[in-house]
Amino acid sequence: TKNDAILLSEATELGLVIIALIITVIALSKVKRYEKAKPELNMFDVVLEVASLFGVYAFNINALVAALYNFYEIGNDIVLKPLVKYEYYIDKYLETLNYDEFGEFGRSGTVDLSKGTDSGLQVLSIVAAVTSILSIVQGTLQTIFILECLRRFASKIIFLRKKPARNLITALLLINVSLWFYDTFSAKKFETKEYIIDHFGILKWSIINAFSSPIAIFYRFHSSVCLSDIWYNLYYNEIESETFFEHDHRIDSNQQTSV
């Protein structure tokens, strides 16, 4: 069904965000431990990264509000329905009856007794709410990580050799590219988030989506670009490869002389 497809879409995004969050935390701890800060910083990248992060905040906060409201409404239907069981059945049944021109009863429709009892909508609301919360947390930590890496470089030869956190940066880069494609072609489309439309309405959500969605998508794109620069510059920006090999050769020569 359509709800199952939306649930699968939300679960896919949730999985990617969880993986990105774990990688970001580990990589941030390694970079702060092994790298040395430098005074200059590219303010253009900083402004774009921070500004686009607000798009992530705007989109996910509105999605979170809609998901929690949807969960609350569905929960009320499920809890309160047994308490008013007979009244509910009678009212729904009477709504389907009408008098025809001869004064007799005629059926005008069928009773939908399953409305408001779909537990799958509750699961969708929970997944959507968790996805929104973790997206905000992951985006914040990733921005901190990127800003840290933009002002750091490898300070010792051993770090140039081992390149700590470089594999994590590669994985985070690939996940951001995946989320960028995913958001562009499905997740941030207007009609995909039906639970948000049910809460805000078509007009309000179209305005919110028009402003927040492109900025949130741009955040993933710009983060991918920054991570690709960090992948190289973090280890070779201040100490060029030629200097590294000359220094390494000088160390080997000194060791041979001492022997």
Side-chain angles (χ1 to χ4, degrees), residues 6-35 45-68 70-71 122-152 163-189 192-193 195-196 212-231 233-234:
I6 297 175
L7 178 60
L8 179 61
S9 175
E10 292 288 345
T12 302
E13 184 177 8
L14 176 60
L16 291 174
V17 171
I18 290 175
I19 296 173
L21 177 59
I22 295 173
I23 294 175
T24 303
V25 172
I26 299 174
L28 183 59
S29 62
K30 286 191 174 184
V31 168
K32 281 190 173 183
R33 180 179 178 183
Y34 292 113
E35 309 305 327
D45 286 335
V46 173
V47 171
L48 286 181
E49 187 69 14
V50 174
S52 59
L53 180 62
F54 284 99
V56 177
Y57 287 165
F59 186 92
N60 286 286
I61 288 175
N62 285 286
L64 176 61
V65 171
L68 293 178
N70 189 49
F71 178 80
Q122 277 195 313
V123 176
L124 174 60
S125 299
I126 294 174
V127 174
V130 174
T131 302
S132 298
I133 294 173
L134 292 184
S135 295
I136 293 173
V137 175
Q138 193 277 328
T140 303
L141 292 179
Q142 180 173 276
T143 300
I144 295 174
F145 172 72
I146 289 175
L147 297 183
E148 285 288 337
C149 290
L150 288 176
R151 68 184 189 90
R152 292 176 181 270
K163 297 178 178 58
R166 199 181 205 188
N167 55 342
L168 297 175
I169 294 173
T170 303
L172 192 59
L173 169 62
L174 294 176
I175 292 176
N176 273 270
V177 172
S178 300
L179 286 170
W180 172 46
F181 279 108
Y182 179 76
D183 290 345
T184 301
F185 294 107
S186 67
K188 296 296 187 291
K189 285 188 176 180
T192 304
K193 311 284 187 179
Y195 62 92
I196 305 182
S212 61
S213 179
I215 302 176
I217 294 174
F218 175 77
Y219 172 79
R220 293 298 174 184
F221 169 77
H222 184 259
S223 296
S224 302
V225 174
C226 290
L227 288 170
S228 64
D229 291 337
I230 291 170
W231 186 86
N233 293 330
L234 185 63

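In what follows, every heavy atom counts, from backbone to side chain, and hydrogens, waters and symmetry copies are set aside.
- In terms of heavy atoms, Ala63 sits closest to Tyr195 at O-CE1, 3.7 Å.
- Remark: side-chain polar atoms of Asn60 are paired, donor with acceptor, to backbone N or O of Val56 under 3.5 angstrom.
- Applying the salt bridge (Lys or Arg N to Asp or Glu O under 4.0 Å) rule to pairs touching residues 48-61 yields nothing, sequence neighbours excluded.
- Applying the side chain to side chain donor-acceptor pair (under 3.5 Å) criterion to Ser228, with sequence neighbours excluded, gives no partner residue.
- Residues Ser132 and Leu64 share a closest heavy-atom pair of OG-N, 3.7 Å.
- Here the shortest heavy-atom pairing between Ala67 and Ala129 reads CB-N, 3.9 Å.
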Original post:
Could you walk me through whether Tyr182 and Ser9 pass the side-chain contact (heavy atoms from CB on, under 4.5 Å) check?
Top reply: CA-CA 9 Å; Tyr182 179 76; Ser9 175; 2.5 Å; yes
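- Side-chain atoms of Arg220 and Thr184, non-hydrogen and from C-beta on, never get closer than 4.5 Å to each other.
- Going from atom OG of Ser223 over to atom CG of Leu53 covers 8.5 Å, rounded to the nearest 0.5 Å.
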Original post:
Going through the checks in order, is the side-chain contact (heavy atoms from CB on, under 4.5 Å) test met by Phe145 and Ile169?
Top reply: CA-CA 10 Å; Phe145 172 72; Ile169 294 173; 3.8 Å; yes
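- In this structure, the separation between CG on Leu28 and NZ on Lys30 is 12.5 Å, given to the nearest 0.5 Å.
- In this structure, CD1 in Ile196 is found 5.0 Å from CZ in Phe59, a value given to the nearest 0.5 Å.
- Using a 3.5 Å distance cut-off with no hydrogens or angles, the side chains of Tyr57 and Ser212 do not pair a donor with an acceptor.
- Using a distance-only test at 3.5 Å, with no hydrogens or angles considered, a donor-acceptor pair links the side chain of Arg166 to the main chain of Trp231.
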Original post:
Please walk me through it: do Asn176 and Gln142 pass side chain to side chain donor-acceptor pair (under 3.5 Å)?
Top reply: CA-CA 10 Å; Asn176 273 270; Gln142 180 173 276; 2.8 Å; yes
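- For the atom pair CZ (Phe218) and CH2 (Trp180), the distance works out to 10.5 Å, reported to the nearest 0.5 Å.
- When all heavy atoms are compared, the tightest approach of Val127 to Ala11 is CG1-N, 4.0 Å.
- Atom SG of Cys149 is separated from atom CD1 of Ile144 by 12.0 Å, given to the nearest 0.5 angstrom.
- Distance CD/Gln138 to CD1/Ile23: 9.0 Å, rounded to 0.5 Å.
- The two atoms that bring Leu172 and Ala20 nearest to each other are CD1-O, 3.8 Å, heavy atoms only.
- Residue pairs that meet the salt bridge (Lys or Arg N to Asp or Glu O under 4.0 Å) test with at least one member in residues 131-148, sequence neighbours left out, are Glu148-Arg151, Glu148-Arg152.
- Of all heavy-atom pairs between Ala51 and Ile215, the closest is O-CG2, 4.1 Å.
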